[in-house]
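Since the structure comes first, as structure tokens, the remarks are kept for the end.
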Amino acid sequence: MGEIFAIIFGAIFINNFVLSRFLGICPFMGVSKKVETSLGMGMAVTFVMGLASFVTWLLEYYVLVPNQLEYLRTIVFILVIASLVQFVELVIRKASPTLYQSLGIFLPLITTNCAVLGVAILNIQLGYNLFEAVVFGTAAAVGFTLALVIMAGIRERLEFVFVPKHFQGVSIAMIIAGILSLAFGGFKGMM
Amino acid sequence: MSVISEFSKGIIKENAVFRLVLGLCPTLAVTTKAEFGLGMGVATSAVLVCSNLAISLMRNFIPAKIRIPSFIIIIATFVTMVDMLLNAYMPALHAQLGIFVPLIVVNCVILGRAEAFASKSPVVHSLADGLGIGLGFALSLTLLGAVRELLGAGTIFNVNLLGAAYEPFKVFASPPGAFLALGLLMALVNMLSKKYKLE
Amino acid sequence: MKEMIRMGVILMIFCVVAAVALAFTNQVTSVVIAERLHQEKVAQLAELFPTLTNFEERTVDGRTATVAFDAENKFVGVLAEGQTEGYGGPIRFNLGINAAGEIVGLTVFAQTETPGLGDKIKEPWFTEQFLGKKAGDTFTVDAISGATVSVRAMETGVEREYNEIWQRFSDGGVAGAEGNTAPAFSLEGVADGTYTGTAKGFKGDITLEVTVAGGKITAINVTAQQETADRWANAEKVIEEIIAKQTIQVDAVSGATISSDAIIKAVQNALEQ
């Protein structure tokens, strides 16, 4: 039980996927302008990452490894993820058309979110079993959502503050991310 | 547009990192030293050039409805090849770049150029585009790596430039520093763009 | 419909071409990679165990290691890979342990710690602090300022991997090696009575008394052991199995292989008198 808690806590705080592992930066910069969209994106990503962890783990250990095809991992994983995202897109369009509208182009872009492919590969590299892999994938996505929502909260307030001309846009967002990363760095000593 | 301008636009005007704001994950992650930035930049450029070439060659054979999966297969193939070749012939760089080599496949730069350019343009133009954007990407990563290495360790390409008495800003070698350095560089690039009217 | 089939076929063609191209590249590169790894391994082993003449990969309890032998085919040491989670990602190292259980080599070959800070763990002056350590020692070393997490990861990681590796390979990976079967056993010719047997466990000798009555093992009483508490709690289960199945051909308890095997050997010793 302690192990699982360590995995969850580690993925969300200690080695946060965005602020520490640098996975998922593009959507982090692109979507984090409003808290609402960030939450929606976060939930979609959480679902995809949990599901992707499950499917890719099975593929690795029941298809790739027994046939000594580990070198096909990248191509197989990314195709699986692309298909999963298509599937999630269909589900969201049926379940909540408003969410679908607000996420817009960012939904298909989950395919190119390095966090999804990254966590699938990390599960294999860290030698997790199926349960640990799904836990790690989901927790990592929760960490991603957390970073996204915090960033969105800050950027919403940024609208009312003076930002020097050249720093406007991504530049100031990067600097804020740096400060967030410093803050999260405080968790490092905990394990 | 002439072939030459297709090439040169990628270096500054449409620089992937500072102007298009694409491919940020590897940019932040591997640029702890200039040499790693350069290595990653070259690896990504190799994939970009190959995939632009392949996709442009086949642009009339790929049905529009399945173009994204097709692009992904092509790009992933080249990425896996680069991964294997690096592991065989440059193991130290391969170990340092780690998980970000297979992650080249989701680098928005490559898929973006395939979709926006290579699938619609002739071969020579696509090649030039790939080379230009790739070169710009590699230069950006090397620059960021050099800045972080200089401030964080006092060296550039392992050559000590600031003397033994320099107390490095260790933050620049670690994750927060990546964000800060890139943010500051972006502001600098914005200022220079306005000044030289690159908008 | 025809449209879909056509698209499906095109995608299939792409996949097949991709797979062929990759398989070909893999053929070429994997040979180079395997050769390089082999060379590195040979050089590594020669450095740690100077008397080594040959070596062999062995798997015990799911863990693979290279076991080294000298000219007389005597076990001189074991080299295995270990891993721990550092500040910036996994740290992988090679741990060399000689036949006396002392660490003779530690090399960090893959890490993504912060350059100039955490990545100092790969430097010789740091790894050398672990040399000479063995079971029961404290695995603490000097701190590196600004790299506490990396150092601590190494301390806990090296100790844990040392224990895991030594537990399986302290005898050269013979006992419990996959494919090994215990010697045939029978209680014939063993008169009723109580017999004492000893065998070397993980931390020290295990001594026990076996009571035979009416041609059956009726009791096994452990008179001395120095194993760690949780390992012993697991290994003790072997005793119940031996009595229940009336044979020493029982499986060792995973996670306490050496202790379990020692119990089995001790019982065997006792009954062979």
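Reminder, nothing fancy here: chain letters follow the sequence lines and each chain counts from 1.
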All inter-chain donor-acceptor pairs under 3.5 Å (chain B, chain A):
from, atom 1, to, atom 2, distance (Å)
B:G183, O, A:S171, OG, 2.8
B:N190, ND2, A:H166, O, 2.9

Is the shortest heavy-atom distance from the side chain of B:I72 to the side chain of A:I75 under 4.5 Å? no

Roughly how far apart are B:I99 CD1 and A:L122 CG, rounded to 0.5 Å? 3.5 Å

Kindly compute the distance separating SG (B:C25) from CZ (A:F17), expressed to the nearest 0.5 Å. 11.5 Å

Counting only heavy atoms closer than 4.5 Å, note whether [X] contacts chain A via side chain, backbone, both or neither.
X	result
B:F100	side chain
B:M84	side chain
B:V189	neither
B:I73	both

At a heavy-atom separation under 4.5 Å, does A:A177 approach chain B through its side chain, its backbone, both, or neither? both

Residues 175-186 of chain B: residues contacting chain A (heavy atom under 4.5 Å, by number): B:P175, B:P176, B:A178, B:F179, B:L180, B:L182, B:G183, B:L184, B:M186

Within 6.0 Å of CZ in A:F47, more than 12 heavy atoms from elsewhere: no

Taking atom CZ as the centre, does A:F131 end up with more than 12 heavy-atom neighbours from other residues, nucleotides or ligands that are less than 6.0 angstrom away? no

Top contributor to chain B contacts, counting heavy-atom pairs under 4.5 Å, from A:V116, A:I179, A:V170: A:V170

Taking B:I68, B:I75, B:L24, B:V21 one by one, which has the highest count of heavy-atom pairs under 4.5 Å against chain A? B:L24

With chain A as the partner, which of B:C108, B:A76, B:A29 has the greatest number of non-hydrogen pairs under 4.5 Å? B:A29

